[in-house]
2 protein chains.
Amino acid sequence: MNQPVARTRIQRKNIRLISDAALSVFSTYGFRGATVDQIAKEANLSKPNLLYYFPTKEAIHRHLLSTLMDTWLDPLRDMDPDGEPLEEILTYLRRKLQMSRDHPRESRLFANEIVQGAPHILDLLATDLKALVDDKAATLTRWMDEGRINRTDPHHLIFSIWSLTQHYADFEVQVGAVLGPEKPDPYPEAEAYLTTLFTRMLTPDA
Amino acid sequence: MNQPVARTRIQRKNIRLISDAALSVFSTYGFRGATVDQIAKEANLSKPNLLYYFPTKEAIHRHLLSTLMDTWLDPLRDMDPDGEPLEEILTYLRRKLQMSRDHPRESRLFANEIVQGAPHILDLLATDLKALVDDKAATLTRWMDEGRINRTDPHHLIFSIWSLTQHYADFEVQVGAVLGPEKPDPYPEAEAYLTTLFTRMLTPDA
DNA sequence: GTCTATAAAATGATAGAC
DNA sequence: GTCTATCATTTTATAGAC
């Protein structure tokens, strides 16, 4: 039961409980800093019961990463080569920002993994992710060739969208501390700022 | 010897050895994921000898964070209210990018700490860091009032410089995996891209 | 499927010799 | 200042009853 396939109702429910608890704990402490005990307590299960569903701590972590990886890249996959360039890029930007707001734990799970050298997914980054990014970079380059957006480095354009949007989830406590308690939701201003930033960057010069 | 003051030559040398080793280990595994054993081995010292200089694992971590905090904020502190606005901002951007290139472990040490909720420095973020950022945001706002840069949200402008520059250190393995082995140094392109981005964003409209 | 009990290893920290 | 030996605790994982 390495990647458990839920059959019964109770199995599905417990696997969901464990996954949710593990997401909280791994995203807060990283893989090495997380303990099975914490996850079990967070899921309201005994430790042996948890290990009945996932044989090892690493199996839970692997399950989370591979489950989330696809979802995480959907917005980039959906960037339409046949769409209107600036609109496609701004839609991608907004969907990424929305994922930071709605799924900050998922963002921090990946942040922990990558900051710590991506030991569990380095191969995926160098194969699947690289292939997807190279493909989308080619689309961006074509849009630049056609004069529909300003010419710039397409890979670094994608990196900048990642870093700017994920920052609000990954560095949430810092953003909150700097803005102070009277500004509990930074996302409306963030969206306005980032929309302006990329619109100015990419709108073709007159 | 909580924040050890080096007196003899050998003390200074060992404290430097330990600090450097601890920086490597903490930045790779986070506080909870790091072990004293790893740090001792990395420093080529026995574990008890290491604990002769720092009484606990937490003391080493605290020593690193407080030593590095000041250095880390120097570029922002140095942004001159009386300078030429765009030049000051681009200089800040470039110094931050250079810190990512030259001190990626320090960047990842902070990234780990903050992603994991900043348990050891949350108070500093809400006091010292907030005060500094609010002060510089006021300078940016004045520049906007004077029409010397485009009007935008000053706090999110600062956040964007942080996220864009630190990304190259914190997510180094991802950047490397996506760009591939034939592009081992992303910094020249990053600097060109980011310079264009902020120049377009901030240069006042005609 | 779930539990109590526990084995086996790791980890933070200390004792005490030199 | 540095080391070997070791303690106390935490942590991963398993055994076996129900």
Rounded distance (Å) that lies between atom P of D/dG16 and atom CG of A/Leu51: 17 Å
Length of the line joining A/Lys57:NZ and D/dT14:P, which is rounded to integer Å: 15 Å
Under-4.0 Å side-chain N/O to phosphate OP1/OP2 contact, B/Tyr53 with D/dT2: yes
Ring-ring centroid check B/His63 B/Tyr53, cutoff 6.0 Å: no
Minimum-distance nucleotide to A/Val36 side chain [options: C/dG1, D/dT12, C/dA13]: D/dT12
Nearest heavy-atom neighbours spanning A/Lys136 and A/Leu76: CE-O, 3.2 Å
Shortest side-chain distance from A/Pro48, nucleotide among D/dT14, C/dG1, D/dG1: D/dT14
Residue-phosphate contact under 4.0 Å: B/Arg32 side-chain N/O, D/dT11 OP1/OP2: yes
Candidate nucleotides C/dG1, D/dA13, C/dT4, ranked by approach to the side chain of A/Ile10 - the nearest: C/dG1
Per B/Thr56 side chain, nearest of listed nucleotides C/dC3, C/dA13, D/dT4: C/dA13
Length of the line joining A/Glu58:CD and D/dT11:C1', which is rounded to integer Å: 16 Å
Distance in angstrom units between B/Tyr29 OH and C/dT11 C1', rounded: 15 Å
Parallel, tilted or perpendicular: ring planes of B/His156 versus A/Tyr193, cut at 30 and 60 degrees: tilted
Spacing of A/Arg9 atom CZ relative to C/dG1 atom P, expressed in whole Å: 12 Å
Candidates D/dT12, C/dT11, D/dT2 - which lies nearest the side chain of B/Tyr52: D/dT2
Minimum-distance pair of heavy atoms, taken over all atoms of B/Ala34 and B/Lys57: O-NZ, 2.7 Å
Touch class at under 4.0 angstrom, heavy-atom based, for A/Ala40 against every strand present: nothing
N/O (side chain, B/Asn49) to phosphate O (OP1/OP2, D/dT4) under 4.0 Å: no
Distance, rounded to the nearest Å, where B/Arg12 contributes CZ and D/dG1 contributes P: 11 Å
Parallel, tilted or perpendicular: rings of A/Tyr168 and A/Tyr187 (30°, 60°): tilted
Distance in angstrom units between B/Asp37 CG and C/dG12 P, rounded: 7 Å
Protein-nucleotide distance (A/Phe54, atom CZ; D/dT12, atom C1'), rounded to Å: 16 Å
Residue mapping more 5' on DNA chain D - nearest nucleotide basis, B/Asn44 or B/Lys47: B/Asn44
Under-4.0 Å side-chain N/O to phosphate OP1/OP2 contact, A/Ser46 with C/dC3: yes
